[in-house]
Amino acid sequence: MLTGILFALATGLLFMLIGIVFSYAGTRVDILNVLLLQNLFLGILFLAAAVPGGFSGTMWLPVAIMAATGAVNILAMFTLQKAMALGNPGAAWAIAQSALVGPYVGALLFLGERPTVARIAGIVLILGGMALLGVCSKKSIDAGTGSGKGKYRWLLLAFLAFGLLVAAQYFVTASSRWSAEAGTPLRAGSLSLGSVLLAAGVKAARRQYRFRFDRRTVICVAGLTTLGLVSQSTIFITVDRLSEAGAAGIGYPVMMGSCIALFFLYTTLVLKEKSSLGGKLAVAILVAGIFFLCFS
């Protein structure tokens with residue numbers, strides 16, 4: 001279990017770096033193009049790595065489910081990027097990533113994992129810390145554009161991203177039970193394949209057939225591809241190792257809890273965003289929640 005926890009913490013750090021790239025992108029690049037190119041490169045690399053392992057007829061269903069999950073995940077990331085661009089990046093990121101509760105509840109209901117006092121306490125602390133972090137944000141909730149109800153568009157988008165991520169994270173977590181034989185490269189490659197198909201479909205519907213390769217786009221594609229190559233591998237290693245210990249449901253809470261705490265520190269220390277005493281308390285609560293899960 002310790003190996004799974006360490007990989008989960010490492011993945012949280014990678015997720016935080018991905019959040020920085022999304023924040024850098026903002027409205028300055030076409031994020032759909034970036035995500036399409038990133039996942040195209042990832043899919044080629046992962047599927048090429050999966051070829052030596054072979055492919056059997058029993059793997060078609062896991063591949064299809066992972067591809068569908070990839071499409072949902074890319075839609076969530078696209079929605080989240082829009083929310084971060086329109087409103088408060090830190091609050092939008094925290095709201096969407098609180099989807100980590102989904103895999104844990106799903107593991108209890110559908111995967112037969114047993115709840116413990118420490119795990120429940122850890123989940124409650126992480127969710128509470130993220131809620132407090134959002135409330136204590138110094139930036140006004142009216143940071144979005146427009147007037148009337150329109151100025152809350154970023155908040156609605158953040159909650160939509162939350163719902164999409166709940167579904168995506170649960171199926172990735174569950175894959176350790178019914179598709180582990182497919183191997184990490186094939187599962188990760190299928191995720192990327194689904195992401196490419198969704199992004200390409202949206203571009204076709206918009207009749208956008210050109211790609212713009214400016215400096216920012218190249219930086220974002222390179223950064224997300226590199227981080228995605230490592231993080232998609234560590235995600236499946238995390239859920240597989242924790243599943244062996246009957247604790248797959250805590251994988252995403254540890255990954256995302258550490259990610260959000262690190263992202264808050266980044267926006268406070270590097271971007272110099274103001275943080276209140278409540279914000280600092282929220283990070284401390286997040287860390288306490290991760291501690292409970294690590295030793296549950």
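These values consider heavy atoms only, across backbone and side chains, with no hydrogens, waters or symmetry-generated copies. Fair warning: this is a prediction, and the values are worked out from it, not measured in the lab.
The shortest distance between side-chain heavy atoms of L191 and F46 does not fall below 4.5 Å. Considering only heavy atoms from C-beta on, L186 comes within 4.5 Å of L47 through its side chain.
Hydrophobic cluster membership is shared by I18 and I235, with clusters built from Ile, Leu, Val, Met, Phe, Trp and Tyr side chains linked at under 4.5 angstrom. Using a 4.5 Å cut-off between side-chain heavy atoms of Ile, Leu, Val, Met, Phe, Trp and Tyr, with links allowed through other members, V34 and L227 fall into the same hydrophobic cluster. A single hydrophobic cluster is seen to contain both L262 and L286, as judged by linkage of ILVMFWY side chains at heavy-atom distances under 4.5 Å, directly or through other members. L35 and L198 end up in the same hydrophobic cluster when Ile, Leu, Val, Met, Phe, Trp and Tyr side chains are linked at under 4.5 Å. When hydrophobic clusters are built by joining Ile, Leu, Val, Met, Phe, Trp and Tyr residues whose side-chain heavy atoms come closer than 4.5 Å, directly or via intermediates, I250 is not grouped with V117.
Between S195 and G70, the shortest heavy-atom distance links the atoms OG-O, 2.9 Å. Smallest separation of non-hydrogen atoms from I5 and L242: N-CD2, 4.1 Å. Between G251 and A8, the closest heavy-atom pair is O-CB, 4.1 Å. Closest approach of G12 and S258 over heavy atoms only: CA-OG, 3.4 Å. Heavy atoms only, all atoms of each residue included: V196 and L36 are closest at CG2-O, 4.0 Å. Counting all heavy atoms, side chain and backbone alike, F236 lies closest to R187 at CD2-NH1, 3.5 Å.
How far CG of L2 is from CZ of F7: 11.0 Å, rounded to the nearest 0.5 Å. Put simply, CG on L164 and CE on M77 are 9.0 Å apart, with the number rounded to the nearest 0.5 Å. The CD1 atom of I285 sits 11.5 Å away from atom CG of L127, with the distance rounded to the nearest 0.5 Å. Interatomic distance, L6 CG to T234 OG1, rounded to the nearest 0.5 Å: 12.0 Å. For the atom pair K280 NZ and L265 CG, the distance stands at 10.5 Å (nearest 0.5 Å). For the atom pair CG of L14 and OG of S233, the computed distance is 10.0 Å after rounding to the nearest 0.5 Å.
Not one N or O on the side chain of T225 forms a donor-acceptor pair closer than 3.5 Å with the backbone of A222. With hydrogens and angles ignored, the 3.5 Å screen pairs no side-chain donor or acceptor of T79 with any backbone N or O of L157. In this structure, N73 contributes its side chain and T69 its backbone to no donor-acceptor pair below 3.5 Å.
Aromatic ring orientation, Y266 versus F263: tilted (interplanar angle from 30° to 60°).
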Q: Test F41 against V221 for side-chain contact (heavy atoms from CB on, under 4.5 Å), laying out the working first.
A: CA-CA 9 Å; F41 293 144; V221 170; 3.8 Å; yes
